[in-house]
Each structure stands twice: as C-alpha cells, then as structure tokens.
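Quick caveat: nothing in here was measured; it's all calculated off a predicted structure. In what follows, every chain begins at residue 1, and chains take the letters A, B, ... in the order their sequences are listed.
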Amino acid sequence: MSALRLVSAVGRRATRTLVDARRGYAEAVSDKIKLSLVLPHQAIFTSTDVVQVNLPAATGDMGILANHVPSIEAVRPGVVEVVESGNASKKFFVSGGFATVHPNNKLTINVIEAAALDAFSVEAVRSNLQEALRVANGNGSEEDKLEARVEADVYEALQHALSH
Amino acid sequence: MLARQALCRVAKPSVAGSAPAGARNMATLREIEMRLKSVRNIEKITKSMKLIASTKLAKAQRALNSGKEYGLANSEIFQHASSEPTGKRKLFVVVSSDKGMCGGIHSSVSKATRREFADKDSDLDKDSPIAVIGDKSKSQLSRVLPGNLVISFNQIGRDIPTFADAAGVADLILKSGVEYDSIAIVYNKFVSAISYESAIVEVQTANSLKESPGFSAYEMEDDVTTDLAEFAFANAIYAALVEGHACEISARRNAMDNASKNAGDMIGNLQLKYNRGRQAAITNELVDIITGASAL
C-alpha cells in the first residue's frame, strides 16, 4: 500500500514537472532581441528578431544577446555580424554610428553606410587606401589631413575585414 | 446699268460698313488668337512640370520610407529618455527649400513656426533662435520674425537630400555657437500623395539627456552623450529633409496638375470665343452683302 502511495506521489510529481517543462518552452521565445539596423538611405533590418549581434564598438568588440542591459555605444568602422537563427549569420561592414540597447529588448544601430562584405573590391580598397595615406602624410591643410586620416582608418579596417 | 448700280451700292456699304466692324472683329480675333497661343504654351509647360514631378515622386517616396525608418530608430532613445528642459530657449530648425511652384509648402512651415511664437499659453522664450533651410521660407519668416533668424541655408533640396547635407547643416549650427535648451524641427509631414501637414519633432540636447531619469538606465563605457546628441540631431534633420522633399515634390505635382486643368479650361473657353467671333465676322459680312443685294 505504501508502495502504491509512493507511486502515486511520484506520478503527481512527474505531472507537475511536466507542467513546469511546458512553461519553460514559453520563455525560450524571448531569447531573441529586436534589431533595427538602419542607414539613411536603406533599412537593412527593421525590428527583426535576431539571436545575437556582434558589433565593433569604439570601446572594443562586443556581442549583444537578448535582454542585454541598456547601453549606448559608439560604433567604429568595422564588421557587424548578425546571427538570425541557428548558424546563419550575415556580415556587414559599417562606416560608423551609434548602437543603443533599449530597456524593452530592442537594439537600434544607426550607421551612415553599410554593405555586405562581398560587395567590396579588394583592389579598389587598396588603391583608395594608398591615396588616403598619401593625402594624410602630404602638405594639405590640417582639416584635409585629418579627413584623410579618418578615411585611411576606414580603409584599413575594411582591408582587415576582407582578409578574414 | 442696273447691275452696275447694284454693284456700286453693294460695294460701298461693304467697304464702309464692314471695314470698321470687320476690323474690330479682326482685332478682337487677333487678341483671342494671341491669348490662345500663350495659354497653350503655358499648358505645355505645366504639363511637363507635372510629368517631371511625377517621375521624381516615386524616387522621393522610396527615400522617404528609408529616411523615416532611420528617423524612428534614431528617436527611440528620446522616447525612453524624455525630459522637460529647464530653460525655455528653443532652437527652431525650419525645413523648406528654395524653389517655388509647389503650392503652400513654404507657407505651411512658416505658419507653424509663427504659431509657436504667437502661442500665449506656452512659456517659450520669444528670443528663441531660428535656423532656416530654404530661401522661400527665409523670406517669409524674415518679414514676420526678423530678429530671431540666426542662420540660413540654401541650395539644399534640389535633389534627394543626402546625409551629408544634413550633417553639414548640423555641423554649421553647432559651430555657430547658438545657445538653446532644446531643439524643435519644423517640417512638412507626408500624409498622402495629395496631402501633407506641418509637424514639429523635438530633439534633445546633450544637457537635457543627462538630466533625464530614463537616460541613467543606459550604460556607457565612455561618456558619448555629446557625440550621441550631435549624431541624433543630424539624423533628425536628415529625416525631416527627406520627408519635406517628398512633400514638396508631391505638392508641385498637384499644383501643376491643377494649373494644367485650369489652362485646359481656359483654352476651351477661348476657343469657343474665337469660333463665335469668327462666325460673327462671317455673319456680319454676309448680312452686309445680303442687305446690299436686297436693296437692289
């Protein structure tokens, strides 16, 4: 009889754990963060659910997952990788801007320019980098040299991204 | 002999009577012909302007949609980190353009700005600075609020506005050293292809962001608040420029459409007048001839 009581008690506990497991599935959906990756002339992602976003922040590379703490980061020229689901990931080279994680599990990235890595030509990048370095080390005005320095930084980051 | 007399009697009245009458008719007919020619030319011009605006509108609407998304993502931070600015000096950035023939676009934003200043219930500082983009609005506002204009821009909006335009505007405004506690961008919002309305979007300065309670929820490794505020300012100007451009093109299309329709109506009326005048001249000549013939 006690064995019967034991079995029924185990049976009751088993059903309870089954219910707990079902509640667990519902939480799995919020494992995604809503990403809006927007350029002035094009919206690459608009409030799309993604699993993870890797960004080149000015303070260092960082990965953003769902329910990240709200934060504001300046984005330096580099590669933004977006993992939508499973192992499918898309990479874009971005020029620079701001990435903000909001309290409501939203990530907005405003950058000026972005393109998929296969849209770039290695030759063009190399020749433009040489041109920018020439102006940066040349005899132009301070403003021109600073602009050329910024340009050279972007091309160097682009070269680095393309060679990986 | 009788025939010769008849001929003479017929000839004289026709020369004496219908010359002034005919000449008068001819003069009127000539005038109507000239008016007809010029209105036909105007109709051609307005029709072609309407066609150009229609083709530009498709491209402008596509840019508008992307620009709007960009502006929405940009303003997300302001929704979470809103705050009432302590000072009441507001910088108004009035977004318009240099070209006319677009209906009430420029007066729409100028009126909206004037309304803000004339509002007795608001505690806005009446010395608030105004930055104007576009010569048409500049001339309208310089008549009403001349003391408030601090900086103006032109040659923007000839084509689809780019981020470089907006960044240049933001840069010059920030470099000019104008002081303000908050920013309001006045532009035309695109409601549909046949209507628009003026709208004002608020942008926060770095100081008001720092004072906002919602802002402290955000973590920042380095303090990028000033950079963020300046970037957000340029983004908001870009979104307003693109939307204003789309509104202007659709308004120009509608205005030229109306003008073409009016010109078409005028041509119809003038054509009728011309025909009636021509027929009247012929009838007069006939009457003269018949009168002369019946007098025989």
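- Within the 4.5 angstrom heavy-atom criterion, only backbone atoms of A:L39 (N, CA, C, O) approach chain B.
- Heavy-atom pairs under 4.5 Å with chain A peak, among B:E69, B:K68, B:R62, B:E76, at B:E76.
- Not less than 6.0 angstrom separates the ring centroid of A:H41 from the ring centroid of B:Y70.
- By number of non-hydrogen pairs under 4.5 angstrom with chain B, the leading residue of A:P40, A:A43, A:A57 is A:P40.
- Interface remark: B:D222 contributes backbone and side-chain atoms alike to the contact with chain A (heavy atom separation under 4.5 Å).
- Side-chain contact of B:T205 with B:N207: a donor-acceptor pair under 3.5 Å is absent, judged by distance alone.
- Of the atoms belonging to A:E73, it is side-chain heavy atoms, and not backbone ones, that fall under 4.5 Å from chain B.
- Classification of B:K189 and B:E243 as a salt-bridged pair fails, no side-chain N sitting under 4.0 Å from a carboxylate O.
- A:N105 places a side-chain N or O within donor-acceptor distance of the main-chain N or O of A:N67, the cut-off being under 3.5 Å.
- With chain B as the partner, the residue from A:L37, A:T108, A:T59 showing the most heavy-atom pairs under 4.5 Å is A:T59.
- Counting heavy atoms of neighbouring residues, nucleotides and ligands inside a 6.0 Å radius, atom NZ of B:K90 exceeds 12 of them.
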